[in-house]
Protein chains: 2
Amino acid sequence: MTSIDDVAASLGVSTATVSRALRGLPGVAEETRARVTATANKLGYVPSSSASGLASGRTMAMGVLVPVIDRWYFSAVLEGVDRQLRAAGYDLIVFSLGGDGVNRDRVFHRSILRKRIDALLVMCMHLTEEERTAVQELEYPNIVIGGAVEGVRHVGIDDARAARDAVEYLIGLGHTQIAHMRGGGSFDIDFEVPRLREQAFRQTMADHGLPVREDWSAFGDFRFSTSRSSALKLLADPLHRPTAVFCSSDEMAFGVLKAAAELGIAVPGQLSVIGIDDHEFAEPMGLTTIRQDPADQGAFAADLLLGELLRHEPSEYPPSRPHLLVERQSTGPVGA
Amino acid sequence: MTSIDDVAASLGVSTATVSRALRGLPGVAEETRARVTATANKLGYVPSSSASGLASGRTMAMGVLVPVIDRWYFSAVLEGVDRQLRAAGYDLIVFSLGGDGVNRDRVFHRSILRKRIDALLVMCMHLTEEERTAVQELEYPNIVIGGAVEGVRHVGIDDARAARDAVEYLIGLGHTQIAHMRGGGSFDIDFEVPRLREQAFRQTMADHGLPVREDWSAFGDFRFSTSRSSALKLLADPLHRPTAVFCSSDEMAFGVLKAAAELGIAVPGQLSVIGIDDHEFAEPMGLTTIRQDPADQGAFAADLLLGELLRHEPSEYPPSRPHLLVERQSTGPVGA
DNA sequence: GTGAAAGCGCTAACAT
DNA sequence: ATGTTAGCGCTTTCAC
């Protein structure tokens, strides 16, 4: 591995000059800079991140803490985060808890603190008191993406408002018999989001003087298969069936659509279904939904931290990211 | 940030002892080790990865190069890789090309070489001649996951065999009018996989004396929505319609199923559909498919590199990972 | 505009 | 079993 000394020696200049030249610092003659850049390229020199990290205190890497990687929302956020980091020349380190309880401790008390990253993004998930404290005590910039975590800055959509918009859309279509397919529960993803959406559902129904039937609160676990099973039961009785289902996520909405198809229930004729997310499959499935853009949220959060790293002063508290109702073919007037 | 000197000073021992004790090296009295561990915890000491990386030459991090993060296969592989890395105390650094051409160069010639990682996993994707060379010249262990890349070691399923198994399953059910929904094309994912699967489809058909109709080779781009659109055309004419569709991925199979539903074509009565992957949605969708396990592939590859890092000698060339036909409700005898 | 030199916080030989 | 010491490859004052 060729080092900065090789470049310096090969040019007969000092390592300081090479360092300055390559990092675009002022106080280097343009001609010198050009020569340095040229030989660096020729020799295939790339600075060691360990060495420059140690010397400068900046690692040029950002960490993202996720409960799991391979779920729609999380991987989409990662994509957005990565986009901004790439543009800024930062590397992306992913700390995944992987549903593993044993691992959590190591992640919180070793990995994250190892001086390997300059800033940390925490994906919405349930944190213990102690973990929250650990995050808050981090000496570098950090932020939560998605659901709110008490005492930590966060960026995301206004979940309550998004859920309300969905439910009021159904109500506006004349629906009064509305069921809720709820998420939450499994592994570490039992953050605020499912709670906020459920609460907003109940509140909105109440605000419109509509009853909430407890047996129409189905558990879908934010998953297609769980939701399908639940919906199969929810929709089984043709005589006592909701005319609409508000789903706390698109994946669960797909489960409801599948169940309806299996039961021969026409959508939207006999049943309206609305989701939240605007998942990649929502458009081809014709699913009406509340669009959110996880990649945008990730990018926004990453930019915010990048800015703080640059300016050495905290940004303003971030506003909610937008959401948008997208009307498709899975919803229609009641009894149409 | 408390350093190793703080711990050493606080105990009146040398930094070397602290280092040895904490890393579990031999030659430390158990009593000393206990005291060191205790004060390290008390002081909240965590070794700086930059410093230990610089001193030891090991970064305790592994890199994964992906074309994009947020697609089923890639995020599932990442999950598997991460599982093993976590267990081994390694951190995961994700280098994503993000479909961005400009970025590729930086990734290949800076990030990857920055002495930030001890080994590299490359996800199957199209690499230019020069990029392949760059990977091959890497001085640390590396391997490709998924499709083969010439001259680089790789781990994955036997794609040709998987496709053949799928097609022969359809043929075994009596189908002769078989269409192919193919992938490939978009962004950097135009690797070997789509080509291998298509070729195997053609070869298998030929081996059984069956014709391949060019207008039944539909392009699904490995995506639900593209596949649905293509299938809508493919299946439009009730008189000249395949009785079965072999899909190079499950997501495309979902698109075919959706198109069939929209066209009122009964599955499997009038149309059999088979995929490859066993995507999370395949079971609830009742999709017959060839199961592969990307997380297993990622874990396998990570383990292999981890082993080489430990033993300092190359592993045997890895065998193909297994695939498995999973029969569900989307396939049936022809004309049933 | 450039160079010399002192670290950054560890690890690894080499001593003891 | 433990301590001493010389780096690892940079960045960053401080000189010139």
Side-chain angles (χ1 to χ4, degrees), chain A residues 1-37 39-40 43-61 89 91 110 113-118 139-140 309, chain B residues 1-37 39-40 43-61 89 110 113-118 139-140 309 312:
Chain A
M1 204 81 260
T2 107
S3 80
I4 197 172
D5 296 288
D6 300 328
V7 180
S10 148
L11 249 68
V13 299
S14 72
T15 63
T17 298
V18 175
S19 177
R20 283 191 280 251
L22 257 23
R23 286 181 302 148
L25 295 187
V28 179
E30 273 319 310
E31 191 247 323
T32 313
R33 194 187 302 278
R35 288 172 53 225
V36 169
T37 311
T39 29
L43 300 181
Y45 167 70
V46 176
S48 148
S49 62
S50 294
S52 72
L54 181 57
S56 70
R58 284 168 266 103
T59 64
M60 294 302 278
D91 286 328
R110 312 230 137 242
L113 308 163
R114 264 212 199 167
K115 208 98 201 72
R116 174 159 276 174
I117 56 179
D118 294 336
E139 83 277 29
Y140 43 72
L309 251 18
Chain B
M1 205 79 265
T2 108
S3 81
I4 197 172
D5 296 288
D6 299 328
V7 180
S10 149
L11 249 68
V13 300
S14 72
T15 63
T17 298
V18 175
S19 177
R20 281 191 283 252
L22 258 24
R23 285 182 300 150
L25 295 187
V28 179
E30 274 318 310
E31 192 246 323
T32 313
R33 194 188 302 277
R35 288 171 53 224
V36 169
T37 311
T39 30
L43 301 181
Y45 167 69
V46 176
S48 147
S49 62
S50 296
S52 73
L54 181 56
S56 70
R58 283 169 268 101
T59 63
M60 294 302 278
R110 311 228 138 243
L113 307 163
R114 263 211 200 171
K115 210 99 201 70
R116 173 160 277 173
I117 57 178
D118 295 335
E139 83 277 26
Y140 44 71
L309 250 19
H312 297 289

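Labels below follow one simple rule: chain letters A, B, ... track the order of the sequence lines, proteins then strands, and each chain is numbered from 1.
Thr17(B) pairs by the side chain to side chain contact (heavy atoms under 4.5 Å, CB included) definition with Val13(B), Ser14(B), Arg20(B), Thr32(B), not counting sequence neighbours. Checked against side-chain hydrogen bond (donor to acceptor under 3.5 Å, both in side chains), Asp6(B) has no partners two or more places apart in sequence or in another chain. Applying the side chain to side chain contact (heavy atoms under 4.5 Å, CB included) criterion to Ser49(A), with sequence neighbours excluded, gives Arg114(B), Arg116(B). Not counting sequence neighbours, the partners of Ser19(B) by the side chain to side chain contact (heavy atoms under 4.5 Å, CB included) test are Ile4(B), Arg23(B). Taking Glu139(B) as the reference, Met1(A), Lys115(B) meet the side chain to side chain contact (heavy atoms under 4.5 Å, CB included) condition, with sequence neighbours excluded. With sequence neighbours excluded, no residue satisfies side-chain hydrogen bond (donor to acceptor under 3.5 Å, both in side chains) with Ser52(B). Under the side-chain hydrogen bond (donor to acceptor under 3.5 Å, both in side chains) criterion, Glu31(A) pairs with no residue at all, not counting sequence neighbours.
Less than 4.0 Å separates DNA chain C from at least one heavy atom of each of the following residues of residues 44-61 of chain A: Leu54(A), Ala55(A).
Spacing between atom CG of Asp5(A) and atom C1' of dC8(D) amounts to 11 Å, rounded to whole angstrom units. Across the protein-nucleic acid pair, Ile4(B) atom CD1 and dC8(D) atom P stand 19 Å apart, rounded to whole Å. Computed from coordinates, the Arg23(A) CZ to dC10(D) P distance equals 11 Å when rounded to whole Å.
Of all nucleotides in DNA chain C, those with any atom nearer than 4.0 Å to a heavy atom of chain A start and finish, going 5' to 3', at dG1(C) to dG9(C).
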Pairwise N/O distances under 3.5 Å, protein to nucleotides 1-4 of chain D:
{"residue": "dT2(D)", "atom": "OP1", "partner": "Thr32(B)", "partner atom": "OG1", "Å": "2.7"}
{"residue": "dT2(D)", "atom": "OP2", "partner": "Ala29(B)", "partner atom": "N", "Å": "2.8"}
{"residue": "dT2(D)", "atom": "OP2", "partner": "Thr32(B)", "partner atom": "OG1", "Å": "3.0"}
{"residue": "dG3(D)", "atom": "OP2", "partner": "Ser14(B)", "partner atom": "N", "Å": "2.7"}
{"residue": "dG3(D)", "atom": "OP2", "partner": "Ser14(B)", "partner atom": "OG", "Å": "3.1"}
{"residue": "dG3(D)", "atom": "OP2", "partner": "Thr17(B)", "partner atom": "OG1", "Å": "2.8"}
{"residue": "dG3(D)", "atom": "N7", "partner": "Arg20(B)", "partner atom": "NH2", "Å": "2.9"}
{"residue": "dG3(D)", "atom": "O6", "partner": "Arg20(B)", "partner atom": "NH1", "Å": "3.2"}

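The side-chain heavy atoms of Tyr45(A) and Thr2(A), taken from C-beta on, include a pair separated by under 4.5 Å. Contact annotation: the side chain of Leu43(A) approaches that of Ser10(A) to within less than 4.5 Å [non-hydrogen atoms, C-beta and beyond].
An angle of 30°, rounded to 10°, separates the two end axes of the helix from dG1(C)-dC16(D) to dT16(C)-dA1(D), each defined over five pairs.
Ser50(B) and Thr59(A) make their closest contact through OG-CG2, 4.2 Å (heavy atoms, listed as atom of the first residue, atom of the second, distance). Closest of all the heavy-atom pairs between Ser48(A) and Ala51(A) is OG-N, 3.0 Å.
To the nearest 0.5 Å, atoms CG (Leu309(B)) and CG (Asp118(B)) are separated by 5.0 Å.
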